[in-house]
Amino acid sequence: MPYSSQYVGQRCRKLAKHGLLLSVGNGIYKVTDEGLAYLEAEYNAAENGNVEVSTGKDAGESLDEA
């Protein structure tokens with residue numbers, strides 16, 4: 001995998017912050033119902049208040065950038 005474990009952990013924490021993953025401990029995450037719906041394009045995180053809308057990284061990241 002071309003990504004470091006530090007990068008993957010950072011991404012997982014961000015997705016958990018937005019309710020798409022659930023941390024179960026020891027660096028293990030579980031996909032939530034919202035996360036599954038997002039992957040199936042049935043859930044819009046921005047419409048549900050889980051994403052800061054921004055135009056650049058300085059203002060925050062969208063879920064697609066996470």
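Just so you know, residue 1 is the first one in the sequence shown, and it goes up from there. Heavy-atom basis, side chains included; hydrogens, waters and symmetry copies ignored.
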J.: Could you see if Leu36 belongs to whatever hydrophobic cluster contains Tyr38? Use Ile, Leu, Val, Met, Phe, Trp, Tyr and a side-chain cutoff under 4.5 Å.
T.: yes
J.: Rounded to the nearest 0.5 Å, how far apart are CG of Leu22 and CD of Glu34?
T.: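 These two atoms lie 10.5 Å from each other.
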J.: Show, in sequence, the C-alpha distance, side-chain angles and deciding distance for Arg13 and Tyr29, and conclude whether the side-chain contact (heavy atoms from CB on, under 4.5 Å) test is met.
T.: CA-CA 9 Å; Arg13 287 187 295 278; Tyr29 289 83; 3.2 Å; yes
J.: Can a donor-acceptor pair be found, under 3.5 Å and without considering hydrogens, that links the side chain of Thr32 to the backbone of Leu20?
T.: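 Confirmed, Thr32 side chain pairs with Leu20 backbone.
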J.: When rounded to the nearest 0.5 angstrom, what is the spacing between CD in Gln10 and NZ in Lys14?
T.: 7.5 Å
J.: Out of curiosity, does Leu21 fall in the hydrophobic cluster containing Leu39 (side-chain heavy atoms, cut-off under 4.5 Å, transitive links)?
T.: no
J.: Around Glu40, counting heavy atoms of other residues, nucleotides and ligands shown, do more than 12 lie under 6.0 Å from its CD?
T.: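 Yes, the 6.0 Å shell around CD holds more than 12 heavy atoms from other groups.
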